Q: 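What follows is a single structure, and I will ask about it in a moment.
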Amino acid sequence: MSENVVPFHKHTDPPVDPATVTTLTVVPDAPPARPVPLWVRSGRAVKSAVTHEGTKTAVRAIARHGLYTFNGGRIVARRTWDGRTGSRYERMIRAAEAAGNLEAAEEWEERLQRFRAARHHRRMDLLHSPVDAAKGVAVGAGMSVGLLVALGIVMAISTEDVGHVITPLTATIDFIALLIRIVQIVWGPALTIGPFLALLALWSVGRKQHAAPAWALPAHVRSGEGEPITPSIVVKALRDLGVPALARAIKEMGDAGASMLGPIRIAGCGVEVDVTLPSGVATNEVQAKRRKLAENLTRHEHEVFITIPEAARTVRLWIADSGALDEPIGPSPLVTDETMTANYKTGKAPWGQDLRGDAAALSLYQRHLLVTGLSNQGKTAALRALALWLALDRSVQFWIADLKGIGDWAMFDGIAEVLIEGPSDNHCIQATEMVEDAAEEMNRRIEARRKDPTIVFPPLIVLVDEAQKAFMCPAKGEDGRPYGGSKATSRYFMAVREIHNQGRAVDVLMWQGTQDPTDQNLPKLVREGAHTRASLVVGTESQAEMALGAKAVNAGAAPHLLRQGLDKGTLVVASDGIAIPAGQSSITVRTHFIDDEPAAEIANRAKALRDGVATLRVVDQTEERDALADVAAVIGDAPRLRTNEVLKRLHSLAPNTYGDQWTNDRLKALLEEHGEEPKKSHGVMVVHRDHVLRALAHRDETGSASASD
């Protein structure tokens, strides 16, 4: 019998494999962190406060303004020392010697000797001045007392009172006592406030000079934008220009390139410096790197101008203060000075400012004129400013053709003997005939001059604005000759050439304004016949050569590098009628802008100087309109509207009819013609709807009555 026991109890838990058992380990809690000592927490708080950006900004501001005051005092002391001693001249001598310019060094040495001689003379005069001053005071006091006594005697005789003899003298003594009293009252506060005002003045000097370390300056200054131009910055910019021969020459120079530079001179809203290039480097290599040079100088391309003066291997750099060229230059003297007059022969038109900030004035005497550029860049405004100035000379005659026809020249109605306004081919034909008539007038004057060499003719300005339309006009005359074109059969082209050839001898002058020049709309023979050539921004260098000539462009004139839309009214001018720096063939002028209303006021002053001119006016009128009915229509249901708003709505209604020639005066004249006129409401001129409707009714009644008669 077997002894094996078979269990009948069922185990509910399955057998466990030891390899699959997960052992749980109980990890005890981490011990609590050790408390941070108070001095550590305080240190962290102090560090956070010190390194906070607000703290840094405050520290920089305190240091900056404190150093502005301190260094401002140093600058003032330096300027005073320079003014009292010859140290300025000695610095210039050393700079000229370092640049190898011995002629300039000799000139500065001569100036130093003159300064020392004048200072010695002043010091010798001090030996005699006390005695002379005492004598002067004594004589002056005696004469004053005598004069006052004489005045008192006159008063005594007049009033028959002897006591009045000393009245002027006592009055003078009382006045002097009053002045002393005022000084006594003011003296105390002045002593208290004076030091603070002095510190404020020193701070202002330091702030303008940025007289503080770089870390304390504002962020926009620390970033390098608008960095002051120094010799080292100019040399570094030239070294990094990417011209290998120039970079090698600078490295080999014992003075690190300082001898290349002339003195850095303040020139208007920038600085100017002449750079003598080393052998093996051509001036056009630097000109071709204008953008890179500007960026090396922390400037934009339009803020650096490179020209070629007379000296060999020399380029002249003009570097604007950062952002200065984007600032307006102020109103024209024609607007601010209502007493200004003009003289065609000896005067110069105030046209604007050059880059140095000096006034740029243009002589118009016996000079044909050409102004060109891209559309909407200020060509008409620049041309009109010259004409407005010349209109103040009552002897000058004008024949004007405005082939844009939007009223830019409307204020010359009453000044010009001929005024053509309109863009159509018909207006181009009329402009051509006007120029041909001017050529005939020129020939008549030449024939009269042959008979009598002493005869003098009034100047005649033949002005065509948007002349490219006349050159491109496809119309032909009855003889088959085209009005436009650039061939010998073109009527406009040949008439302009004829005036260019002989007109200036008898003061018949051709002025033209044209846009986007090409050989088709501005032929070579015509553009080269102008004595004064000016260009606004153009698209390409070839167009710049068309506008100004290859000589001016090769010497640095660059209207194609001006910024379209941003440099409106900025012209590059090539002319002997304007002051151009020695060695340059052109000058950049920022012209004054004269708006339509000031232009009309200047034109009214010109009309007042004249006896009255009957203007033959040709205006583009494609439709006949009832002006009074149109005024009522634009007012609509409004009880009244400002006159400016009425004119604006009229222009929107019919631009060809109600162009810029419609002004407040013309609107007023229209209403007065029908028995009404604009009235003021709260100080502003307005047009009342009821008044216009009443004028319409009155006109209709008058018209009906006339018809019945």
Side-chain angles (χ1 to χ4, degrees), residues 332 334 342-355 358-373 377-391 393 396 398-400 435 438 459-468 496-497 499-515 517 522-538 543-553 555-559 562 569-581 584-592:
S332 168
L334 286 171
N343 189 300
Y344 162 73
K345 187 172 183 179
T346 61
K348 289 189 175 184
W351 209 9
Q353 292 181 1
D354 62 16
L355 296 179
D358 299 329
L362 180 68
S363 172
L364 303 172
Y365 178 61
Q366 292 188 343
R367 289 179 175 87
H368 301 302
L369 177 65
L370 172 65
V371 179
T372 187
Q377 297 303 304
K379 168 181 53 62
T380 297
L383 196 60
R384 190 174 69 181
L386 298 176
L388 286 170
W389 175 81
L390 196 56
D393 184 342
V396 179
F398 290 91
W399 294 3
I400 299 176
V435 177
L460 173 59
I461 305 299
V462 184
L463 192 155
V464 180
D465 194 10
E466 305 296 340
Q468 77 278 356
V496 172
R497 278 198 61 195
I499 294 176
H500 276 178
N501 289 337
Q502 295 178 294
R504 68 184 299 269
V506 288
D507 291 308
V508 176
L509 303 177
M510 192 75 208
W511 289 12
Q512 294 183 97
T514 181
Q515 62 177 252
L522 188 59
K524 184 175 187 293
L525 293 178
V526 169
R527 62 185 185 243
E528 292 185 350
H531 303 100
T532 295
R533 299 166 71 173
S535 176
L536 296 135
V537 58
V538 290
Q543 287 185 313
E545 291 186 1
M546 291 179 189
L548 300 175
K551 178 182 178 182
V553 174
L562 296 173
T570 299
L571 289 160
V572 183
V573 185
S575 172
D576 60 350
I578 193 169
I580 297 178
Q584 296 181 199
S585 57
S586 65
I587 187 172
T588 302
V589 177
R590 303 171 68 198
T591 58
H592 297 293

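Since this is a predicted model, take the numbers as computed values, not measurements. Note: hydrogens, waters and symmetry copies are ignored here, and every other heavy atom, side chains too, is used.
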Q: For Val538 versus Pro517, what's the shortest heavy-atom pair and its separation?
A: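 Minimum heavy-atom contact is CG1-CD, 4.2 Å.
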Q: Just jot down the side chain to side chain donor-acceptor pair (under 3.5 Å) partners of Thr514, sequence neighbours excluded, or say none.
A: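 Testing Thr514 for side chain to side chain donor-acceptor pair (under 3.5 Å), a comparison that skips the adjacent residues, returns Gln468.
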Q: Do Leu362 and Lys348 come within less than 4.5 Å of each other through their side chains, counting heavy atoms only?
A: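 Contact flag for Leu362/Lys348 side chains = no.
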Q: Which distance, rounded to the nearest 0.5 Å, do you find between the CE of Met546 and the CG of Leu370?
A: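 Rounded to the nearest 0.5 Å, the CE-CG separation comes to 12.5 Å.
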Q: What's the spacing between Leu364 CG and Trp511 CH2 if we round to 0.5 Å?
A: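 Between Leu364 CG and Trp511 CH2, I get 4.5 Å after rounding to 0.5 Å.
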Q: Find the distance between CG (Asn343) and CG (Asp393) and round it off to the nearest 0.5 Å.
A: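 Nearest 0.5 Å value for the CG-CG distance: 6.0 Å.
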Q: What pair of heavy atoms forms the shortest contact from Pro559 to Ala557, and how long is it?
A: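 Distance-wise, the nearest heavy atoms are CD-C, 3.6 Å.
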Q: Nearest 0.5 Å, what's the CZ-CD1 distance between Arg504 and Ile499?
A: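 These two atoms lie 14.5 Å from each other.
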Q: Show the nearest heavy-atom pair for residues Ala387 and Leu463, with the distance to one decimal.
A: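 Nearest heavy atoms, Ala387 then Leu463: CB-CD1, 4.3 Å.
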Q: Could you check if a side-chain atom of Gln512 sits within less than 4.5 angstrom of a side-chain atom of Val526, using non-hydrogen atoms only?
A: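 Sidechains of Val526 and Gln512: in contact.
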Q: Check whether any side-chain heavy atom of Leu536 lies under 4.5 Å from a side-chain heavy atom of Gln515, and answer yes or no.
A: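 The answer is no; the side chains never approach within 4.5 Å.
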Q: Output side-chain donor-acceptor pairs under 3.5 Å for residues 569-580, partner residues at least two apart or in another chain, one line each.
A:
unit_1	atom_1	unit_2	atom_2	d
Ser575	OG	Thr532	OG1	2.7
Ser575	OG	Gly577	N	2.9
Asp576	OD1	Arg367	NE	2.9

Q: CD1 of Ile461 to OH of Tyr344: how many Å apart, nearest 0.5 Å?
A: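 Rounded to the nearest 0.5 Å, the CD1-OH separation comes to 6.0 Å.
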Q: Using atom types as modelled and distance alone, determine if a side-chain donor or acceptor of Trp351 lies under 3.5 Å from a backbone N or O of Leu386.
A: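 No: the side chain of Trp351 does not pair with the backbone of Leu386.
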Q: So do the side chains of Pro459 and Leu509 get within less than 4.5 Å of each other, counting heavy atoms only?
A: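 SC-SC contact between Pro459 and Leu509 ruled out.
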Q: Using a 4.5 Å cut-off on heavy atoms from C-beta on, say whether the side chain of Asp507 contacts that of Gln366.
A: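 SC-SC contact between Gln366 and Asp507 confirmed.
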Q: For Glu528 and Arg533, run salt bridge (charged side-chain N to carboxylate O under 4.0 Å, His left out): C-alpha distance rounded to whole Å, both residues' side-chain angles, the deciding distance at 0.1 Å, then the answer.
A: CA-CA 9 Å; Glu528 292 185 350; Arg533 299 166 71 173; 5.3 Å; no
Q: Name the orientation class of the two ring planes belonging to His531 and His368 (parallel below 30°, tilted from 30 to 60°, perpendicular beyond 60°).
A: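 Correct class here is parallel.
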Q: Identify the heavy atoms of Pro350 and Trp389 that sit nearest to each other, and give their distance.
A: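 Taking Pro350 first and Trp389 second, the nearest heavy atoms are CD-CD1, 3.4 Å.
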Q: Can you tell me how far apart CD (Glu545) and NZ (Lys524) are? Round to the nearest 0.5 Å.
A: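 It comes to 11.0 Å.
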Q: Applying side chain to side chain contact (heavy atoms under 4.5 Å, CB included), run through Met510 and Val464 and close with a yes or a no.
A: CA-CA 8 Å; Met510 192 75 208; Val464 180; 3.6 Å; yes
Q: Indicate yes or no: at least one non-hydrogen side-chain atom of Gln543 is less than 4.5 angstrom from one of Thr372.
A: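 No, their side chains stay 4.5 Å or more apart.
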